[in-house]
Amino acid sequence: MSMVTNTLGRYFAGRFVISAVGVFVSIFVLLVLVDYIEMVRKTSGLVDVSAITVAETSLFRVPQLLEKLMPFCVLIGAMTCYLALSRRLELVVARAAGVSAWQFISPALASAILLGILATTAYNPMSANLREISKRMEAELFGSAPGGGIQDASGFWLNQINNEGQAIINAARSEQQGVRLTGLTVFRFDTELQFKERIEAREANLEEGRWVFKGVRRYTLDKPPVDQDTLYLATTLTPAQVRNSFSTPETVSFWQLPDYIRSSESSGFATAGYRLQYHKLIAQPFLLAAMVMLAASVSLRFFRMGGVQKMVLSGVGAGFLLYVLSKVTEDLSKAELMHPIAAAWLPVVVGGLTGFLALLYQEDG
């Protein structure tokens, strides 16, 4: 009986992994196509831009976006797997052989936890690295565009004060967690806070004790604009301080987050966002397992009993409500109204208990 159980366990685990990976790949391809079409639209007015470069930029942008959808990929994959097993009466045969629902769910739970560990330790660093590469490629694509290329409503802002006065730096894009900036506008003031000049630059790199601006145009109140190839601006900022202003927790690798948290604490910056991201990545394997529990609670009904469509819709609705809960707890944590550990693990506990109680209600052993 143990060999039959092990064989069935490997079979159910394999079917689940194939379904989850299939959903993941399908959504990945769809997102790449949509993003590629959007990038083609944005680069339509630029010359000497190859379709391959645009495709690579889209390909490197998507993995980080897809990481946020990974729980839904597991939810849909698990529902697809169990509905297919039920339609082909394989679950009926398994139950007739004395295998309970808990026994053929456990292989999928173990597989989901393993997938979550791989997603946290391997996929997350890869997606963060690819996102940095895509930012560099975007800067190369749009660096010569009027106005510095694509820029959102606010961009990234940084304020620095030294013995030369005050400088307020705005950048459209940041790379390497703020060490390299593109699409810059700098407002400089003297030591008496009187306006001195405005600087527009194509890019800037942070070196020890200074910013190095390239492709510079300087504007003053009493002189015509002056173009310069290079401009140096003294600074007391360190890379650790800059990355706290320009980097977002989602762009930092799982393995680098502890260092970021320590450097933020030592610099006096808020660490709530980094702590939340760190605990969310730790909780991710168990969140995927909770999604499997939710999927199983709405997908084990036999086709001949009817009501499958309502069960599937209820599963999708439960996943959406869980997503809303995670966003609410995330916002509360970033506002420092909830501890990051509680914000990261509350959706896991709610989703897992909901699926567990639903299965207890449906099953008898």
Side-chain angles (χ1 to χ4, degrees), residues 13 15-31 62-83 105-128 131 249-251 254 257 276-300 311-334 338 340-359:
R15 291 296 304 273
F16 164 74
V17 171
I18 292 173
S19 298
V21 172
V23 173
F24 183 86
V25 172
S26 300
I27 297 178
F28 177 82
V29 173
L30 179 61
L31 290 178
V62 169
Q64 190 176 75
L65 176 61
L66 190 57
E67 185 178 8
K68 301 178 182 179
L69 301 178
M70 196 170 295
F72 293 97
C73 294
V74 172
L75 176 67
I76 297 173
M79 287 195 298
T80 302
C81 171
Y82 288 124
L83 288 174
I105 290 174
S106 57
L109 292 175
S111 300
I113 291 175
L114 290 177
L115 290 176
I117 294 174
L118 288 175
T120 296
T121 59
Y123 184 84
N124 174 262
M126 180 197 69
S127 65
R131 182 60 180 138
E250 291 78 11
T251 61
F254 170 75
L257 278 171
L276 174 64
Q277 178 68 7
Y278 184 64
H279 289 292
K280 283 176 62 178
L281 290 174
I282 292 177
Q284 185 168 232
F286 303 96
L287 178 61
L288 299 187
M291 288 297 182
V292 172
M293 295 286 289
L294 281 177
S297 65
V298 300
S299 304
L300 298 182
M311 298 293 286
V312 172
L313 289 177
S314 64
V316 174
F320 176 75
L321 292 177
L322 199 62
Y323 172 77
V324 173
L325 175 62
S326 66
K327 293 300 294 183
V328 170
T329 56
E330 179 179 341
D331 292 340
L332 290 176
S333 177
K334 289 182 178 180
M338 178 180 288
I341 296 179
W345 286 91
L346 183 61
V348 178
V349 174
V350 171
L353 286 179
T354 301
F356 180 74
L357 293 175
L359 285 173

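Keep in mind that the numbers below use all heavy atoms, side chains included, and drop hydrogens, waters and symmetry copies.
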Evaluate the side-chain proximity of [Y] to [X]: yes if any heavy-atom separation is below 4.5 Å, no if none is.
X    : Y    : result
V298 : Y82  : no
M70  : Y123 : yes
V350 : L321 : no
W345 : I282 : yes
I105 : L359 : yes
L75  : L288 : no
I76  : F24  : no

Over all heavy atoms of both residues, which pair between [X] and [Y] is shortest? Give the atoms and the distance, please.
X    : Y    : value
P71  : L287 : CG-CD2, 3.8 Å
G352 : A290 : N-CB, 3.5 Å
C73  : L66  : SG-CD1, 4.5 Å
F320 : F72  : N-CE2, 4.1 Å
A295 : M79  : CB-CG, 3.5 Å

Under 3.5 Å, side chain of [X] to main-chain N/O of [Y], donor-acceptor pair present?
X    : Y    : result
S127 : N124 : yes
T329 : A343 : yes
S297 : L294 : yes
T120 : L281 : yes
Y323 : A318 : no

Measure the spacing between [atom1] of [X] and [atom2] of [Y] and express it to the nearest 0.5 Å.
X    : Y    : atom1 : atom2 : value
F254 : Q284 : CZ    : CD    : 10.0 Å
F16  : L109 : CZ    : CG    : 8.0 Å
H279 : S333 : NE2   : OG    : 9.0 Å
M291 : L322 : CE    : CG    : 4.5 Å
I113 : F286 : CD1   : CZ    : 5.5 Å
K334 : Q277 : NZ    : CD    : 8.0 Å

- Message: Taking CZ in F356 as the centre, count heavy atoms belonging to other residues, nucleotides or ligands within less than 6.0 Å. Is the count above 12?
- Response: no
